[in-house]
Number of protein chains: 2
Amino acid sequence: MRRHYATIKDIANALNISFATVSRALRDAYDVKAETRELVLAKAAELNYKPNVNAKGLAQHRSYNLGVILPTITNYYFSTVITGIQEVAYGAGYNLVLYVTNDSAERERDMIGNLSLGSLDGLLVCVSSDSALSTGFQGIIDDGIPVVFFDRVVEDIHTSKVVQDDYNGAFEATEHLIGNGYRNIAHIAGPEELAFTRNRMQGYKDALKKHGLPVKKEWIVHSGFSQAHGEQDVARLWKCRQKPDAVFAVNDRKAVGAMLALKQLNILVGQDFGVVGFTNDPVAAIISPSLTTIAEPAFEIGRISCQLVLSHIRKKKFDAKEVVLPGKLIVRESSKKA
Amino acid sequence: MRRHYATIKDIANALNISFATVSRALRDAYDVKAETRELVLAKAAELNYKPNVNAKGLAQHRSYNLGVILPTITNYYFSTVITGIQEVAYGAGYNLVLYVTNDSAERERDMIGNLSLGSLDGLLVCVSSDSALSTGFQGIIDDGIPVVFFDRVVEDIHTSKVVQDDYNGAFEATEHLIGNGYRNIAHIAGPEELAFTRNRMQGYKDALKKHGLPVKKEWIVHSGFSQAHGEQDVARLWKCRQKPDAVFAVNDRKAVGAMLALKQLNILVGQDFGVVGFTNDPVAAIISPSLTTIAEPAFEIGRISCQLVLSHIRKKKFDAKEVVLPGKLIVRESSKKA
DNA sequence: CTGAAAGCGCTTACAG
DNA sequence: CTGAAAGCGCTTACAG
């Protein structure tokens with residue numbers, strides 16, 4: 001049988017005071033005699049009192065629920081971001097409501113349409129690849145629910161955003177390949193519509209330009225983010241008249257796919273061919289040759305994103321912030337030159 | 001400004017009926033005239049009505065929150081389990097409240113102690129490595145809150161449990177090594193206290209026995225679950241008078257650590273030395289040589305665990321089920337023999 | 001089949 | 001500094 005959990009009334013009865021006073025004593029926001037407060041706190045501890053989140057939320061017009069919308073949780077980057085979000089949310093007494101879109105714009109739209117907005121105090125979102133026309137979010141913000149974008153942001157929408165420094169990371173990655181002697185550097189990019197794809201591509205292009213290398217259109221191939229996409233991209237590159245001698249991949253999974261495909265082609269990565277990724281997925285250190293990459297501050301992105309929604313929720317006054325966190329080049333074997 | 005979301009009263013007013021009737025019409029559990037129901041449903045859709053979860057929960061003595069306690073979410077197995085849990089929970093209108101213990105019994109105890117049990121309808125848990133003395137859970141069950149264990153279960157507690165077939169998976173893995181000609185097979189195990197560690201170890205031992213091979217105590221080393229632990233374990237094995245020529249690892253991360261350590265020792269895995277893991281982490285296919293392993297049905301474990309708590313919640317009548325899902329041997333390069 | 005009413009456990013003006 | 005009271009948005013016996 002379900003036991004009865006101590007409520008505010010139990011405390012009030014035990015102490016012979018009104019439950020309104022108990023309520024006030026519990027959150028020290030009001031004037032309550034110090035003595036009274038201590039009695040209440042002691043009794044609450046004794047009875048193992050925990051506030052009923054539903055009642056609290058109902059009375060306060062809050063839910064203490066934070067929605068998190070993201071493409072998937074089964075990869076290093078996203079699971080780490082969630083861990084960061086979770087840490088901050090847990091500390092602040094907020095619950096996370098996960099919505100996994102499977103990187104499908106359609107499913108994303110469905111989920112957003114079915115959102116119980118009345119039961120969500122804020123939203124953390126990383127949009128799906130092809131949700132360029134991410135309507136919906138503006139309406140949510142207009143309703144007064146803070147939305148914070150992370151990683152994959154919607155540029156047109158004015159709200160807080162947290163991302164890694166995609167441009168400079170890509171620039172540094174590309175420059176690293178150039179510094180190691182590679183000259184014909186291709187780019188395996190993500191879906192064109194995504195801002196961070198464009199930013200990483202721009203970093204790549206600008207690094208080439210800075211060093212007087214031509215930007216060849218056929219050496220930039222766009223596709224999805226999976227390992228299989230990375231393999232396919234190499235196949236496409238291999239149809240070019242002039243083949244590249246290095247590749248900067250938009251993420252590690254694609255870099256891994258590329259390396260596997262290159263192995264099939266008997267290309268020696270780290271000697272004849274350079275590869276640099278982006279993320280610093282643990283697999284980067286395990287694959288052979290190990291993968292040079294830009295480490296992303298995934299945990300920090302999660303923490304800061306969550307801190308931002310919480311502060312927006314508390315302040316009501318909404319001043320959007322854009323946070324850009326630096327990445328870090330991790331040099332391994334895949335970018336060496338024979 | 002936060003907009004007002006449509007409530008049951010808005011629907012009632014628009015239709016000139018009582019809000020009690022609206023409430024009934026919305027959940028078709030009661031006798032409501034078909035005509036009335038349709039009017040209500042239509043108006044609800046028109047007003048984009050979503051029930052307020054807090055109010056619903058408060059009135060029903062439910063929270064529609066499910067707690068999920070697990071060691072970490074940043075690895076393939078757990079993130080996949082969560083995805084399975086999430087899918088079922090989402091479909092049933094339940095929210096997930098994540099508690100990440102970082103595989104620390106202390107943190108686990110803290111979190112359990114601070115649980116707002118009044119706001120949780122059920123609990124899905126995978127205990128931390130050293131929480132042998134997992135008190136706390138029995139009390140929660142006694143309070144009437146269903147608890148389902150998955151993967152790492154507490155044997156002494158009578159409640160539903162969902163695990164992969166650890167014993168047979170281990171048996172098959174070990175037999176596979178034997179079949180491929182390895183004779184001196186060590187086992188890199190997990191913490192001794194965990195049931196699944198013991199089950200996998202037993203499968204390993206029994207396979208050896210079946211084939212008339214001796215079980216050597218010094219060839220069984222226990223430690224944690226990380227890649228680094230796998231590396232250390234190999235170092236320990238290498239101090240044995242007789243060195244093994246193969247190893248069955250309790251999971252893929254340790255297998256990967258072992259392979260890396262063996263590489264340092266200039267041992268050729270897949271030729272002089274066999275390695276088999278457990279999980280089928282994507283890294284198993286990426287590492288070179290690729291890793292033979294037992295694929296775990298992680299997504300299914302998540303789905304079924306969640307279905308079980310939900311059915312316990314609904315039925316109130318608590319009949320514990322123990323579900324064991326089969327794994328599958330995936331043969332790759334690491335277990336070949338020269 | 002439907003309405004009026006009480007209640008879930010809290011918060012928060014309003015008095016005093 | 002504290003109490004009485006209304007209310008948050010729902011559910012659910014109780015009548016009829």
Side-chain angles (χ1 to χ4, degrees), chain A residues 2-41 43-44 47-65 93 116-121 144 314, chain B residues 2-41 43-44 47-65 93 116-121 144 314:
Chain A
R2 185 102 179 203
R3 206 208 293 170
H4 170 77
Y5 295 100
T7 70
I8 236 175
K9 283 188 188 167
D10 297 321
I11 300 177
N13 288 338
L15 259 31
N16 247 311
I17 56 178
S18 78
F19 65 87
T21 301
V22 174
S23 170
R24 283 189 279 250
L26 252 17
R27 311 150 287 117
D28 43 21
Y30 283 78
D31 283 336
V32 175
K33 208 185 351 174
E35 198 184 335
T36 312
R37 187 198 319 290
E38 307 218 328
L39 281 171
V40 169
L41 260 26
K43 187 55 83 179
L47 300 178
N48 193 28
Y49 168 79
K50 304 274 187 245
N52 179 304
V53 177
N54 284 325
K56 209 174 159 190
L58 189 58
Q60 286 184 143
H61 300 275
R62 289 198 182 187
S63 66
Y64 291 96
N65 281 150
S116 249
L117 292 177
S119 308
L120 250 26
D121 293 350
R314 286 197 262 260
Chain B
R2 184 101 178 205
R3 206 209 291 170
H4 170 77
Y5 295 100
T7 71
I8 236 175
K9 284 189 188 165
D10 297 323
I11 300 178
N13 288 337
L15 259 30
N16 247 312
I17 56 179
S18 78
F19 64 89
T21 302
V22 174
S23 170
R24 284 188 278 250
L26 251 18
R27 311 151 286 121
D28 42 20
Y30 283 78
D31 284 337
V32 175
K33 206 182 359 172
E35 197 184 336
T36 312
R37 188 201 317 292
E38 307 219 325
L39 280 172
V40 169
L41 260 27
K43 186 56 81 178
L47 298 178
N48 193 27
Y49 168 78
K50 305 273 185 244
N52 179 304
V53 178
N54 285 326
K56 209 175 158 189
L58 189 57
Q60 287 186 142
H61 299 277
R62 289 199 180 186
S63 65
Y64 291 96
N65 281 150
S116 251
L117 291 177
S119 308
L120 249 27
D121 293 350
R314 286 196 262 258

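It should be emphasised that the depicted structure is a prediction, and the values quoted were computed from it without experimental measurement. Every chain is numbered from 1, with letters handed out A, B, ... down the list of sequences.
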| request: Ignoring backbone atoms, establish whether Tyr64(B) has a side-chain N or O less than 4.0 Å from OP1 or OP2 of dC10(D). | output: no
| said: If the condition is salt bridge (charged side-chain N to carboxylate O under 4.0 Å, His left out), which residues does Lys43(B) pass it with, not counting sequence neighbours? | reply: Glu46(B)
| request: Report yes if a side-chain nitrogen or oxygen of Tyr5(B) is closer than 4.0 Å to either non-bridging phosphate oxygen (OP1 or OP2) of dC10(D); otherwise report no. | output: no
| task | Select one nucleotide: of dG9(C), dT11(C), dT2(D), the one nearest the side-chain heavy atoms of Ile8(A). | result | dT11(C)
| Dot-bracket for DNA chain C: what is it, with Watson-Crick or G-U pairs under 3.5 Å, [ ] where a pair crosses earlier ones, and | for a pair to another strand? | |||.||||||||.|||
| Minimum-distance nucleotide (side-chain atoms of Ala59(B) versus dT12(D), dC10(C), dG7(C)) | dG7(C)
| task | Taking side chain to side chain contact (heavy atoms under 4.5 Å, CB included) as the test, write out the residues that go with Ile17(A), two or more places apart. | result | Leu15(A), Thr21(A), Val22(A), Thr36(A), Val40(A)
| Test side-chain hydrogen bond (donor to acceptor under 3.5 Å, both in side chains) applied to Tyr49(A) - qualifying residues, sequence neighbours left out | none
| query | Is the backbone of Arg62(B) close enough, under 3.5 Å, to the side chain of Asn54(A) for a donor and an acceptor to pair up by distance? | reply | yes
| Atom-pair distance (CG on Asp10(B); P on dG9(D)), nearest Å | 9 Å
| Whole angstrom value for the distance that separates P of dG9(D) from CG of Leu117(A) | 15 Å
| query | Does Phe19(B) have any side chain to side chain contact (heavy atoms under 4.5 Å, CB included) partners at least two apart in sequence or in another chain, and if so, which? | reply | Ile8(B), Lys9(B), Ala12(B)
| field | Student check: side-chain heavy atoms of Ile11(A) and Leu47(A) closer than 4.5 Å | value | yes
| query | Quick one: Lys50(A) NZ to dC8(C) C1', roughly how many Å, whole number? | reply | 21 Å
| said: According to side-chain hydrogen bond (donor to acceptor under 3.5 Å, both in side chains), who are the partners of Glu38(B), at least two apart in sequence or on a separate chain? | reply: none
| task | Using whole Å, report how far CG of Leu58(B) lies from C1' of dC8(C). | result | 4 Å
| field | For Ala59(A), all residues meeting side chain to side chain contact (heavy atoms under 4.5 Å, CB included), sequence neighbours excluded | value | none
| message | Rounding to an integer number of Å, can you tell me how far Ile11(B) CD1 sits from dT11(D) P? | response | 11 Å
| query | If you find the nucleotide of DNA chain C closest to Lys56(A) and the one closest to Thr36(B), which residue's nucleotide is nearer the 5' end? | reply | Thr36(B)
| With Ser116(A), which residues qualify under side-chain hydrogen bond (donor to acceptor under 3.5 Å, both in side chains), at least two apart? | none
| request: In whole angstrom, give the distance that lies between atom CZ of Arg37(A) and atom P of dT2(D). | output: 9 Å
| remark: From CG of Leu26(A) across to C1' of dT11(C) the rounded distance in Å is 12 Å
| query | NE2 of His61(A) versus P of dC10(C): gap in Å, rounded? | reply | 16 Å
Dump the pairs, protein N or O against N or O of nucleotides 3-5 of chain C, anything under 3.5 Å, distances to one decimal.
from: dG3(C); atom 1: OP2; to: Ser18(B); atom 2: N; distance (Å): 3.1
from: dG3(C); atom 1: OP2; to: Ser18(B); atom 2: OG; distance (Å): 2.9
from: dG3(C); atom 1: OP2; to: Thr21(B); atom 2: OG1; distance (Å): 2.6
from: dG3(C); atom 1: N7; to: Arg24(B); atom 2: NH2; distance (Å): 2.6
from: dG3(C); atom 1: O6; to: Arg24(B); atom 2: NH1; distance (Å): 3.1
from: dG3(C); atom 1: O6; to: Arg24(B); atom 2: NH2; distance (Å): 3.2

| So, is Ser23(A) near the phosphate of dG9(C), with a side-chain N or O under 4.0 Å from OP1 or OP2? | no
